[in-house]
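This report concerns only the one structure given below.
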Amino acid sequence: MEKIGVFVCHCGTNIAATVDVKGLADQAGDMPGVAFSCDYPYLCSEAGQKIVRDAIKEHNLTGIAIAACSPSMHEATFRAAAAEAGINPYMAEIANIREHCSWVHTNKDEATSKAESLTNAAVAKVHKNKPLTPGTSGVTKRALVIGGGIAGIQTALDIAEAGYKVDIVERTPSIGGVMAQLDKTFPTLDCAACILTPKMVDAARHKNIEIFTYSEVDEVSGFIGSFSVKIRKKARFVDEETCTGCGVCMEKCPIKKIPSEFDEALANRTAIYTPFAQAVPNIPVIDKNACIKLKAGGCGLCAKVCDLNAIEFEQEDKTVERDYGVIIVATGFSPMKPYKYGEYLYGESKDVLTSLEFERLMNAAGPTGGVLKRLSDGEKPRSVVFIQCVGSRGLDERSNPYCSKICCMYTAKHAMLIKEKYPDTDVTVLYIDVRTAGKNFDEFYRRAAENYGVKYIKGQAGKIVNADGVLRVAVYDMLENESITLEAGMVVLATSAEPKSDAKNLGKVLSASVDTNKFFTEAHPKLRPVESPTAGILLAGACQGPRDIPETVAQAGAAAIKALGILSKDEIVGNPCVSSSDETLCNGCGACVHMCPYQAISINDDRNTSAVNEAICQGCGACAVACTNGAMDIRGFSNLQILAGIEAICKP
């Protein structure tokens, strides 16, 4: 005989202010099969959990219904309490009377009535619940980090320092990411390369880290603890084991006018190149689209001057297959190229730059050796105008809806760098709002405005006109309530931070979700900020949204800790609330296979019925919706259980 206990939580006044919790507990006690009911101010507290455990033992309860807050908050808490008291944890059900009831109602009678319905539904479901036992699977003691920027490097170092093997996959010829392109970092104005380069070297030298540069992840299968990954190493046409990075091949290469990706196309590189002087690994790669030898069969000068015979024109892409226990995505971001903002003359005037392009100009290792000069005529600009929020904050239909978070700060940094080196240069910042939420950020911005004399004008630039080499910037000054025109020798656009162009495709490969802006989505923005909805896939850095360097490093450390929590286990306990197939109803149509976002379902060739890999299944229920025969169901959320709850709500 079923004996169910109902426990109603006050949650302080979160619930009790709008729900008659004592009346709810009394009403629940009269429900069929309910052997015990009570209310308590804080059921999630240790004292509250003890009440639950004691009641289970004293009244020999077979199941419990907790009327409290969201299951995402404390379902695990009450399941653990149930297990400690001797009943199957999946015989515990949560009625969410806080988020779904008390927080959305003001009328106490209406809220109490709705809370009764939700509690009735939970009790009805407990009647139909069955004990579930989770399965287990082994853990491969190796981690994969996708992306070799500061987020990927820091994550890999933290995991490696704990004694586990880590592979970094970076699609460019060197690790380092966007941070390697920077001159200074805010708010301390210390050298970006001085901070980053030692970490790059540490990663390359660490005995537990293997780096795959100029490589991409092509295929991922498996599940948490046991991922199988195919990594495609693109042909460098240089033997990495033999090459010493002497650079003679680059000096002798006759093709010298290929726009440099690292210098944002403001300088040129050769057909065989390393992206920058401190590249890791310091091994060149041959651009097959520019090399005369690879395109037409001529030249080959680089091979002739290489004394070590490291040039291998016959190289082909290779595929490396490895198993991993956990995968961390750290693919970073890309600054927008604002070609669609024609009014700003980007792409038409050489003196209109993006912030990252300007960063390369100010860098001592950049195309001008750190000297600020106009690209049109080589002269030092007498005035520089910065335009904020280009492509951010949904200011028009061309813009991304979000704030890019870092722009206000790096613009203040750029303005101060100009005033330090060229104090006679006028610097003006056109802004909508100044957002400085980080530690010492507001002080940094005010230092630019108050100590360095940087002019801040509240207003969005309307149009830029090139008048015989002088850029005229039209802007409406919102504080002075007037339209003005500024003359500038150079204009710098603070463009939106966007996800990598292939983020959505990588999400499909990993079965990891991306949001409407194509950034990777976390499992829960507050409680699971570095986990993706797919178990075993973690997130670090700006692949999840715009981040500054300190926040990126902190998140990388958090992702590493989560990864170590998986790698340190000998086996993973799975979720028993997964899909199951009734072979007597399945006709093998395969609709569930195509619908499953986790690739957890296949067709059993012998029986022509669907089979579920429970280790991969996340219990999302998409297959149950797609199945026309009703063969697919979710344990713990079966059609029978859901209908029982609906019937309980609909009863007068």
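Predicted model, so just to flag it, every value in this text is computed and none were measured. Index from 1, following the sequence.
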Quiz item: Is there a side-chain contact between Thr119 and Ile97, using heavy atoms and a 4.5 Å cut-off?
Solution: yes

Quiz item: Got a second to check how far Leu118's CG is from Arg98's CZ, nearest 0.5 Å?
Solution: 14.0 Å

Self-check item: Electrostatic pair Glu216-Lys233, nearest N-O below 4.0 angstrom
Solution: no

Quiz item: Rounded to the nearest 0.5 Å, what separation is found between the CD atom of Glu551 and the CD1 atom of Ile549?
Solution: 12.0 Å

Quiz item: Should the pair Lys230-Asp218 be classified as a salt bridge under the 4.0 Å nitrogen-to-oxygen rule?
Solution: no

Quiz item: Is it true that the side chains of Asp158 and Gln154 contain a donor and an acceptor less than 3.5 Å apart?
Solution: yes

Quiz prompt | Whether Gln27 side chain and Gly23 backbone form a donor-acceptor pair below 3.5 Å | solution = no

Quiz item: To the nearest 0.5 Å, what is the distance between SG (Cys627) and CD1 (Ile601)?
Solution: 9.5 Å

Quiz item: What are the two closest non-hydrogen atoms of Lys500 and Ser334, and how far apart are they?
Solution: CD-OG, 3.2 Å

Quiz item: How far apart are the closest heavy atoms of Ala65 and Ala122, and which atoms are they?
Solution: CB-CB, 4.2 Å

Quiz item: NZ of Lys405: more than 12 outside heavy atoms within 6.0 angstrom?
Solution: yes

Practice problem: Starting at CD1 of Ile406, measure out to CG of Asp548 and round the result to the nearest 0.5 Å. | Solution: 8.0 Å

Self-check item: Candidate pair Arg322 and Phe212, rule side-chain contact (heavy atoms from CB on, under 4.5 Å), full reasoning
Solution: CA-CA 12 Å; Arg322 285 200 174 163; Phe212 294 90; 3.7 Å; yes

Quiz item: Counting heavy atoms not belonging to Lys562, are there more than 12 under 6.0 Å from its NZ?
Solution: no

Self-check item: Backbone of Pro32 reached by a side-chain donor or acceptor of His127 within 3.5 Å
Solution: yes

Quiz item: Just checking, any donor-acceptor pair under 3.5 angstrom between side chains of Glu498 and Asn400?
Solution: yes

Self-check item: Any donor-acceptor pair under 3.5 Å from Asn88 side chain to Leu132 backbone
Solution: yes

Quiz item: Just by modelled atom types, is the Cys586 backbone N or O under 3.5 Å from a matching donor or acceptor in the Asn629 side chain?
Solution: no

Quiz item: Hey, are Arg236 and Thr213 close enough side-chain-wise for a donor-acceptor pair under 3.5 Å?
Solution: yes

Exercise. May I ask you to test the Val126-Ile64 pair for a side-chain heavy-atom distance under 4.5 Å?
Key: no

Quiz prompt | Closest approach of Gln618 to Ile616 (non-hydrogen atoms, all atoms of both residues) | solution = NE2-O, 3.1 Å

Practice problem: Would you check if the side chain of Thr136 reaches a backbone N or O of Val573 as a donor-acceptor pair within less than 3.5 Å? | Solution: no

Quiz item: Can we say Asp570 and Lys141 salt-bridge, meaning some charged N sits less than 4.0 Å from an Asp/Glu carboxylate O?
Solution: yes

Quiz item: Out of Ile328, Leu506, Ile537, Asp167, which residue meets the side-chain contact (heavy atoms from CB on, under 4.5 Å) rule with Ile146?
Solution: Leu506

Exercise. Under the side-chain contact (heavy atoms from CB on, under 4.5 Å) rule, what do Val229 and Ile231 come out as? Steps first, then yes or no, please.
Key: CA-CA 6 Å; Val229 180; Ile231 301 168; 4.0 Å; yes

Self-check item: Heavy-atom check, side chain of Gln544 versus side chain of Val329, under 4.5 Å
Solution: no

Quiz prompt | Residue pair Ile634 / Cys623: nearest heavy atoms and the distance that separates them | solution = CD1-SG, 4.4 Å

Quiz item: Less than 4.5 Å apart, any side-chain heavy atom of Thr155 and any of Gln555?
Solution: no

Quiz item: Going from CD1 on Ile159 to CG on Asn208, what distance comes out if it is rounded to the nearest 0.5 angstrom?
Solution: 11.0 Å

Quiz item: Would Phe36 and Ile56 count as a side-chain contact (heavy atoms from CB on, under 4.5 Å) if you check the C-alpha gap in whole Å, the side-chain angles of each, and the deciding distance to 0.1 Å?
Solution: CA-CA 9 Å; Phe36 176 82; Ile56 291 172; over 6 Å; no

Practice problem: Could you tell me whether Glu210 and Arg142 make a salt bridge, using a distance below 4.0 angstrom between a side-chain N and a carboxylate O? | Solution: yes

Quiz item: Got a donor-acceptor contact below 3.5 angstrom from the Ser37 side chain to the Ala25 backbone?
Solution: yes

Quiz item: Between the side chain of Ser228 and the main-chain N/O of Ser221, is any donor-acceptor distance below 3.5 Å?
Solution: no

Exercise. Heavy atoms only: give me the nearest Cys9-Leu43 pair and the separation to one decimal.
Key: SG-N, 3.4 Å

Quiz item: Looking at side-chain heavy atoms only, is the closest gap between His10 and Asp39 below 4.5 Å?
Solution: yes

Quiz prompt | Cys69 side chain reached by Glu99 side chain, heavy atoms, under 4.5 Å | solution = yes

Quiz prompt | N-O pairing of Lys50 and Glu46 below 4.0 Å | solution = no

Exercise. Kindly determine whether Glu522 and Arg528 satisfy salt bridge (charged side-chain N to carboxylate O under 4.0 Å, His left out), including the steps that lead there.
Key: CA-CA 7 Å; Glu522 63 277 5; Arg528 300 170 63 192; over 6 Å; no

Practice problem: Flag this pair as yes if the NZ/CZ of Lys165 is under 6.0 angstrom from the six-membered ring centre of Tyr324 and inside a 45 degree cone about the axis; otherwise no. | Solution: no

Quiz prompt | Nearest non-hydrogen partners of Ala540 and Ala556, listed with the distance | solution = CB-CA, 4.0 Å

Quiz item: Less than 4.0 Å between a side-chain N and a carboxylate O, is that true for Glu614 and Arg635?
Solution: yes

Self-check item: Distance flag, aromatic centroids of Phe333 and Phe519, threshold under 6.0 Å
Solution: no

Self-check item: Option from Arg79, Glu75, His74 for which side chain to side chain donor-acceptor pair (under 3.5 Å) with Thr77 holds
Solution: His74

Quiz item: Regarding Ser638 and Gln641, is there a side-chain donor-to-acceptor distance under 3.5 Å anywhere?
Solution: yes

Exercise. Please round to the nearest 0.5 Å and tell me the distance separating atom CD1 of Ile224 and atom OG1 of Thr140.
Key: 11.5 Å

Quiz prompt | Audit row: Phe227, Leu144, side-chain contact (heavy atoms from CB on, under 4.5 Å) steps and yes/no | solution = CA-CA 10 Å; Phe227 291 106; Leu144 171 64; over 6 Å; no

Self-check item: Side chain Asn14, main chain Cys11, donor-acceptor under 3.5 Å
Solution: yes

Self-check item: Backbone N/O of Gly636 and side chain of Lys125: donor-acceptor pair under 3.5 Å
Solution: yes

Quiz item: Do Tyr598 and Asn613 have side-chain heavy atoms sitting under 4.5 Å apart?
Solution: no

Quiz prompt | Side-chain donor-acceptor contact under 3.5 Å, Ser610 with Ser581 | solution = yes

Quiz prompt | Geometric cation-pi criterion Lys234 and Tyr214, 6.0 Å radius, 45° cone | solution = yes

Practice problem: Please examine the side chains of Phe223 and Ser137, heavy atoms only from C-beta on, and report whether any two atoms are closer than 4.5 Å. | Solution: yes

Self-check item: Polar side-chain atom of Thr18 near backbone of Ser102 as donor-acceptor pair, under 3.5 Å
Solution: yes

Quiz item: With distance as the sole criterion, is a donor-acceptor pair present between the side chains of His524 and Glu531 under 3.5 Å?
Solution: no

